[in-house]
Every structure is written in C-alpha cells, then in structure tokens.
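Following: one structure in structure tokens, then a few remarks.
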Amino acid sequence: MYIEGHLFFNFACILNINLIVAYISSFSVLLPFIILLANYKAFWRYNHWLSLFIINNFISEAVTGTLAVYKIYNMLALDLFSIVEAFFIILLYYKSYKSKALKKFILWLLPFYITGQILIYLNFDRNSQFNGYTYAFHSALILIPIILYFWEKVNLLEDVYITKNPMFWVSAGFLPFYSVSILHYSLINYLFYHYTHLLGVLGLIHSIMLIIMDILLSKGLWLIPEE
Amino acid sequence: MADTGGINFLAAFMLGTVALLVMAIGIISFVLVYQRRVITHQLEIQKKDEEMQREMLRATIQSQEEEQRRIARDLHDDLGPMLSAIKLKTGQIKKKLEASNMNVADADESQEMIDTTITQVRGISHRLFPPVLEYNGLADTIEDMCDKINSDKLNIAFTKPEEYNRISNEKELALYRVGMELLNNIIRHSQATQAAISLTQKNNNSIEILVSDNGKGFDTKNINEKAGLGLKSILSRIAAIKGHIKFESSPGNTLVTINVDGN
C-alpha cells in the first residue's frame, strides 16, 4: 500500500476541490517552516522542541509526499515521523509547563506511548489495512498534554493577555486537529472497505484542519519576539 | 440500501467531526473567556488596591506636609519674634552695661548667638515650608532654590516658562520636594560640576521638569527595588500626585524627566 499526494488522502479524492485543498494543506506546512527559518535563533531559544516539531513536520511532508509521487511505500516513513512528532510535542509541553507535577506526568506519557504503539503494531495486519489505530492512539495521546496546557493556563492565570502567548496559538492549532484526527483515523479502514466514496470528504476535512493548524502555528511563531 | 447506509454514515461521521470540533473550539473559547474575565476582575481589584494605597500615601504625605507647615509657621511666627525680642532686650542690657562702664563682651557674644539662631530658625522654617512657594508658586521657588545652591563647585542653570500658571498646592509642594531631593542627590552623590533644571508648562497646564547633570551617573535598572530613602520619597511623592518619572543615566549624563498633569 502506498500513499499518494498529500499523505494518504489524495488517492480518495473524487472532487477537484479535494485535490486543491489537499495540495494547499501539503504546502501549508511551508508557512510555519518559513517563519521558523526567518528567525530560527529566537525560536530555538524560545522552545527548541517547537522548532524541532516544525522541522520534523516539514521533512515528514516532503519525504512522504515525494515517496507517494514515485509510488513508493511510505507508511513506515510516516509512522517514524509520527513517533518523532509525538516525542517533540510531549517535550515541547514538558518545557512549557510551569507545574513540576505536570512535567513529571508528561514524561510518563513517553513510555506509555511507545508501549501502546508496539502493542498496536504487534496486533496489526499492515498488508491489508491502513494503520489508522496507531494514528488514532497517537492523536489521543497528544491531546493529553494539550488539554493539560489549557488546564494549567486556566489555573495559573499568569498571562493577562493569553492571546499574546505563542504557545496558546500553537495549542489552539493542535487541539482541533488532533481531536478530529482521533475520529478520522479510527474510521479510515472502515470507510476504505465500506464507503470508499466518502474518503474524499474525510480527506477534505483533514486537509482543512491541517491548514487551520498550520495557520495557527504560524500565528504562534509570529508572536515569538525577534532577537 | 447501500446509499442510505452511506448517507447515514456520512451524517454520523460529520456529526462526530463537528462535535469534536465544537468541543475543541469550546475548550479554547472557555480558556480565553474565563482567563480574560478572571484576570480583568483581578486587575480591577489590583487597580482599586493601588488607588487605595495611593490615597493612603497622599493622606500621609499631606498630613506630614501639614505638620511641617505648622512647625514652620510656629518657628516663623512665634519663635522668630521671641528671638527678636530677646535680641532687643540684650541690646538694652548692653546699653545699660555700657552706661555703667561695665564689660559688654558677653552681651555682644549673646547678640551674635541670637543673630545666628534667628538665621538658623528662619532657614529651618523655610526648608520646612518655603513661603515663596505659597505666594509665588513653583517656578519662582525652584529658581530661588537654585540661586541658593549655586556655587563655584556646582553651577545650576534654571529655565522657566515666561508665564507660569499655578497648579494645585499639593502638586507644587510635591514637585518642589522632589526637585529638592534630586538636587540634594546631585550635590551629595553625583560629583557633578554642571546641572540644569528646566520647567515647561503646556497649554493644559501640565508640567514637565527636566533635571540633568554631568555627574558620574547611576544604575537605573530595577530602580524601584534598589531605591534608597531619598529616591523612595521621590517615587512615592510622584505616585501620590499621579505623575510620571523617568531616569536615564550614563557617566557624564544623567537626565530625570518628571511629568505631572496640571489639573
């Protein structure tokens, strides 16, 4: 099984609008990446895990997209980039939290994540289905530090203007994307076998969510003070 | 059947997606609204608290000033005439001693001591509350103060507006005290040879005072935390009249800018 175009969704695109949105979403990863490049020293100093996440996101899109164009199996690469992404996001929030208890808790997610991924891999037939459960688990796990971040913000009330905090926008970008992703990745195999024609709708929504996430990420990066 | 199933599934799928999206947007909106509401409330409380502290500070400064004014008046009106009367009496005693061909050295010495005391009492009284401030206002008082301090070691240039409109007594007194404290700091700590005070007044009567010197300067970082007694007094007096003060300093160039609303 190979993934064509933007990750795994483009192959199911029925309408041209899906294709256009899918390509826009593929290129939307460039937006935070370019902003990152423009002021990489300041971003690195602010939170280097955020910079690494964006770099990983960009490379993941470039590599998996290129493999897909040449019709080369790209699921392993996608899985690998996802694991790296989870690590970066968890460590990104580890650095963002003020509470030591939350920091400790979030670090425990890493072994839990690895164990969960291994268990899913061991019980998963890679040849006949798309590895949606891995990504659903991945999204669900990533939601934990994001929700905890908002919970801490509400409890600490340290930012008078929270909208000026870059991490708020980064988290606001992650939250809807990964929330919706849980549902989408859980259903992808079912859709693939029973309602193939609906995969386009799923792809379209996923692409829109990705574009929104990239815009909010960019907004967050934009707020990081320059050197 | 398959189509109906597909439509039902699509509806359920869309509903699930929308529900999750609403949940995510709900969380973000809740954080935004809750945070803003609570912080606005906290800021209001903080503002009220600051206002109350400022009022307390104002009341304390006002009562101190009242007390100083009373002491200055007592010194000037009661002790001053009394000392003058003593001087007069001593003069009469001296004349009587001279008439009796007796030694008047002690009487002369007493008169000199009384003269010194009268001068000192007048000085203390003026420092406690300068009468020129009450009658002529801030511009003349600062000019008077500069004239008195001017010496070979420290030359102070003073510029004032051609026409000075008086502001409230409370603000004038506070600015006078601040000006005096700043000059005192220049004399005691700056090793400056040149200083300048400029008083400007805008159309709305707001006042800007610039105090500069060519002394060694001082560290203006975290000035609120590191302030000594004199600087604390300056900051609290400016806060009490809702004024603004800015310190800029480097070796050879120190500038203090004070802005006060004229109303």
Side-chain angles (χ1 to χ4, degrees), chain A residues 136 139-140 142-143 146-165 167-188 190-206 208-209 212-213 216 219, chain B residues 1-55 220-225 235 239 242-246 248 250:
Chain A
S139 302
I142 282 174
L143 273 180
I146 300 165
I147 290 170
L148 286 175
Y149 168 80
F150 285 121
W151 180 79
E152 193 186 41
K153 282 286 150 200
V154 166
N155 275 286
L156 287 182
L157 295 167
E158 53 179 6
D159 295 323
V160 180
Y161 302 106
I162 198 169
T163 47
K164 288 184 180 171
N165 185 337
M167 274 309 290
F168 170 79
W169 290 106
V170 171
S171 305
F174 286 159
L175 186 62
F177 177 77
Y178 287 108
S179 305
V180 173
S181 290
I182 297 176
L183 180 75
H184 290 183
Y185 286 121
S186 305
L187 293 176
I188 193 163
Y190 186 75
L191 275 174
F192 192 72
Y193 285 109
H194 297 93
Y195 304 107
T196 315
H197 59 289
L198 292 181
L199 276 169
V201 180
L202 188 143
L204 182 69
I205 297 169
H206 186 86
I208 292 169
M209 297 312 299
I212 293 170
M213 184 181 86
L216 292 174
K219 163 85 180 166
Chain B
M1 279 295 283
D3 279 340
T4 318
I7 291 165
N8 286 342
F9 185 83
L10 180 66
F13 168 74
M14 289 304 284
L15 200 72
T17 303
V18 170
L20 284 167
L21 257 179
V22 167
M23 187 199 75
I25 294 167
I27 290 174
I28 297 164
S29 308
F30 171 75
V31 172
L32 265 176
V33 172
Y34 178 80
Q35 167 108 357
R36 193 158 292 174
R37 192 172 290 175
V38 173
I39 288 176
T40 310
H41 182 63
Q42 280 178 347
L43 282 177
E44 274 171 19
I45 293 172
Q46 197 183 332
K47 209 174 161 185
K48 278 183 188 163
D49 199 38
E50 278 172 12
E51 191 60 41
M52 209 172 80
Q53 278 184 348
R54 189 157 43 221
E55 278 305 313
T220 54
K221 275 182 193 166
N222 306 321
I223 201 157
N224 286 342
E225 285 87 47
L235 295 172
K242 291 184 182 176
H244 299 281
I245 188 163
K246 192 170 84 176
E248 294 161 273
S250 59

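So you know, we letter chains A, B, ... as the sequences are listed, proteins then strands, and number each from 1. Quick caveat, the model's predicted, so the values are computed rather than measured.
Partner B:T17 forms a side chain to side chain contact (heavy atoms under 4.5 Å, CB included) with one of A:H184, A:H206, A:M209 and no other, that one being A:H184. Checking B:L21, B:V22, B:I27 one by one against A:P176, the side chain to side chain contact (heavy atoms under 4.5 Å, CB included) holds for a single residue, B:L21.
Summarising the geometry of A:V180 relative to B:L20, their closest heavy-atom pair is CA-CD1, 4.1 Å, with the distance given to 0.1 Å. When every heavy atom of B:F13 is checked against every heavy atom of A:L183, the shortest pair comes out as O-CD2, 3.7 Å. Heavy-atom minimum distance, B:Q35 versus A:K153: OE1-O, 3.1 Å.
Interatomic distance, OG1 of A:T163 versus CZ of B:R36, reported as 5.0 Å (0.5 Å rounding). Rounded to the nearest 0.5 angstrom, B:M23 CE and A:I147 CD1 are separated by 5.5 Å.
Chain B forms the most heavy-atom pairs under 4.5 Å with one residue out of A:Y190, A:Y178, A:F177, and that residue is A:Y190.
When heavy atoms are compared at a cutoff of 4.5 Å, A:L175 approaches chain B by way of both its backbone and its side chain. If you measure heavy-atom distances from B:V38 to chain A, the contacts under 4.5 Å come from the side chain alone. Of the atoms belonging to A:L191, it is side-chain heavy atoms, and not backbone ones, that fall under 4.5 Å from chain B.
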